[in-house]
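This report concerns only the one structure given below.
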Number of protein chains: 2
Amino acid sequence: MDKKQLPTVEKCEFVAEVLKVLSHPQRLLILCQLTDEAKSVGDLEKLSGASQSAVSQFLGKMKAQGLVKASKQNQFTYYDIADPDIKKLIQALYTIYCL
Amino acid sequence: MDKKQLPTVEKCEFVAEVLKVLSHPQRLLILCQLTDEAKSVGDLEKLSGASQSAVSQFLGKMKAQGLVKASKQNQFTYYDIADPDIKKLIQALYTIYCL
DNA sequence: GCATTATATTACGAATACATAATATAATAA
DNA sequence: TTATTATATTATGTATTCGTAATATAATGC
């Protein structure tokens with residue numbers, strides 16, 4: 001994704017795609033939790049209140065989009081933020097809405 | 001909306017609602033354009049490439065949500081950002097994705 | 001008045017997203 | 001080997017969103 005430009009239709013298409021992922025309460029909570037440290041699917045299930053299936057599906061899709069990365073350790077899969085821009089975005093949201 | 005807290009489910013529900021509005025290419029472009037200065041529906045129609053009906057509907061809904069405000073001058077309706085948090089958010093997106 | 005321009009509203013089919021249930025797989029424990 | 005735990009996958013009905021067409025309203029210009 002090239003930067004240094006005014007918002008164009010193409011840029012907005014890309015960013016809107018990212019925002020669509022964040023525009024869901026439980027997905028947003030999951031991503032917020034992951035900015036601290038990697039967490040297992042089970043951890044995120046408890047923290048978000050979403051079902052096992054939903055959490056796994058959310059993470060699978062976000063991984064496919066390159067937003068998070070997975071590392072399997074024994075029977076657990078730990079997820080972590082993969083995209084630094086997402087981390088910045090979550091931090092910006094925190095600054096605006098939580099400080 | 002009270003602030004100063006870690007992300008909670010309720011906070012995420014609120015923020016996700018806001019992000020849902022931004023998670024659409026043309027709505028995002030419209031909001032980006034409005035951070036500079038108020039613009040008419042027709043201006044936004046041209047800038048976003050969305051249909052007259054769609055632009056009017058987008059603006060109507062965003063107004064109902066308190067994100068933008070309208071001021072009618074003669075036959076034109078000028079829209080402007082109403083929520084300072086949205087302005088901050090758009091600026092953060094600009095910093096992350098356009099600089 | 002009539003035509004034109006600007007905006008808003010309503011309606012509706014098509015596409016998408018959601019939540020949930022059911023099932024599968026893989027690892028560990030007993 | 002059987003049971004249990006952790007995660008992934010698939011399926012599916014429902015709800016929501018989107019885009020567009022049609023129509024309405026309101027102001028301006030002729």
Side-chain angles (χ1 to χ4, degrees), chain A residues 9-10 12-31 33-34 37-82, chain B residues 9-10 12-31 33-34 37-82:
Chain A
V9 173
E10 299 74 38
C12 286
E13 278 166 3
F14 173 81
V15 176
E17 195 85 11
V18 172
L19 293 174
K20 196 150 58 176
V21 180
L22 306 210
S23 72
H24 178 287
Q26 293 163 329
R27 279 197 301 264
L28 180 58
L29 189 66
I30 286 172
L31 287 171
Q33 293 292 342
L34 294 183
E37 50 174 351
K39 291 194 171 63
S40 73
V41 178
D43 292 339
L44 296 169
E45 205 181 319
K46 283 165 212 127
L47 288 163
S48 72
S51 73
Q52 184 274 319
S53 178
V55 173
S56 183
Q57 286 180 70
F58 288 157
L59 291 167
K61 192 163 180 209
M62 292 193 280
K63 185 186 168 196
Q65 292 171 298
L67 305 185
V68 302
K69 56 179 185 284
S71 68
K72 189 151 193 172
Q73 285 172 37
N74 305 325
Q75 74 267 50
F76 300 98
T77 309
Y78 290 93
Y79 283 88
D80 198 356
I81 302 284
Chain B
V9 173
E10 299 73 38
C12 285
E13 278 166 1
F14 174 81
V15 176
E17 194 84 13
V18 172
L19 294 174
K20 196 150 59 178
V21 180
L22 307 210
S23 72
H24 178 287
Q26 294 164 330
R27 279 197 300 264
L28 180 57
L29 189 66
I30 286 172
L31 287 170
Q33 293 292 341
L34 293 184
E37 50 174 351
K39 290 195 172 60
S40 73
V41 178
D43 291 340
L44 296 168
E45 204 181 319
K46 283 164 211 129
L47 288 163
S48 72
S51 72
Q52 184 273 319
S53 179
V55 173
S56 183
Q57 285 179 71
F58 289 157
L59 291 167
K61 193 163 180 210
M62 293 193 280
K63 185 186 166 195
Q65 291 171 298
L67 305 186
V68 301
K69 57 178 184 284
S71 69
K72 191 151 193 173
Q73 286 171 37
N74 305 326
Q75 73 267 51
F76 300 99
T77 310
Y78 290 93
Y79 283 88
D80 199 355
I81 303 283

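In what follows, every chain begins at residue 1, and chains take the letters A, B, ... in the order their sequences are listed.
Here the P atom of nucleotide D/dA6 and the CD atom of A/E45 are 9 Å apart, to the nearest Å. Following rounding to the nearest Å, A/Q75 (CD) and D/dT5 (P) show an atom-to-atom distance of 11 Å. Look at CG on A/L28: it is 18 Å from P on C/dA17, rounded to the nearest Å. Per the geometry, CG belonging to B/N74 stands 12 Å off P belonging to C/dA6, to the nearest Å. Remark: P of D/dT16 and NZ of A/K20 are 17 Å apart, rounded to the nearest angstrom. Counting to the nearest Å, the P atom of D/dA6 and the NZ atom of A/K39 are 17 Å from each other. The separation between B/F76 atom CZ and D/dA27 atom C1' is 10 Å, rounded to whole Å. Nucleotide C/dA17 holds its P atom 16 Å from the CG atom of B/L19, rounded to whole Å.
Counting only distance, with no hydrogens or angles, the side chain of B/K72 and the backbone of B/Y78 share no donor-acceptor pair below 3.5 Å.
Between A/Y78 and D/dA6 there is no side-chain polar atom (N or O) within less than 4.0 angstrom of OP1 or OP2. In this structure, A/Y79 reaches the D/dA8 phosphate: one of its side-chain N or O atoms is under 4.0 Å from OP1 or OP2. For C/dA8, one of the phosphate oxygens OP1 or OP2 lies less than 4.0 angstrom from a side-chain nitrogen or oxygen of B/T77.
Residue whose closest nucleotide on DNA chain D sits further toward the 5' end, between A/D43 and B/A54: A/D43. Each of B/A70 and A/H24 lies near DNA chain C, and the nucleotide nearest B/A70 is the one positioned closer to the 5' end.
The two residues A/E45 and A/S51 make their nearest non-hydrogen contact at CG-C, 4.1 Å. Residues A/L28 and B/C12 come closest through the heavy atom pair CD2-O, 3.7 Å. In terms of heavy-atom proximity, B/G66 sits nearest to B/A82 at O-CB, 3.6 Å. Contact record, A/V68 with A/L31: CG1-CD2, 3.8 Å, taken as the closest heavy-atom pair.
The base of D/dA8 is paired with the side chain of A/Q52 by a donor and an acceptor separated by under 3.5 Å. Applying the 3.5 Å distance criterion, the base of C/dT9 shares a donor-acceptor pair with the side chain of B/S53.
Residue-level contact check: A/K72 touches neither bases nor backbone, having no heavy atom under 4.0 Å from any strand.
Contact of the A/Y79 side chain with the A/M62 side chain is not registered, since no non-hydrogen atoms from C-beta on lie closer than 4.5 Å. Counting heavy atoms from C-beta on, the side chains of B/R27 and B/L22 never come closer than 4.5 Å.
Sorted by residue number, the members of residues 55-65 of chain B with any non-hydrogen atom under 4.0 Å from DNA chain C read B/S56, B/Q57.
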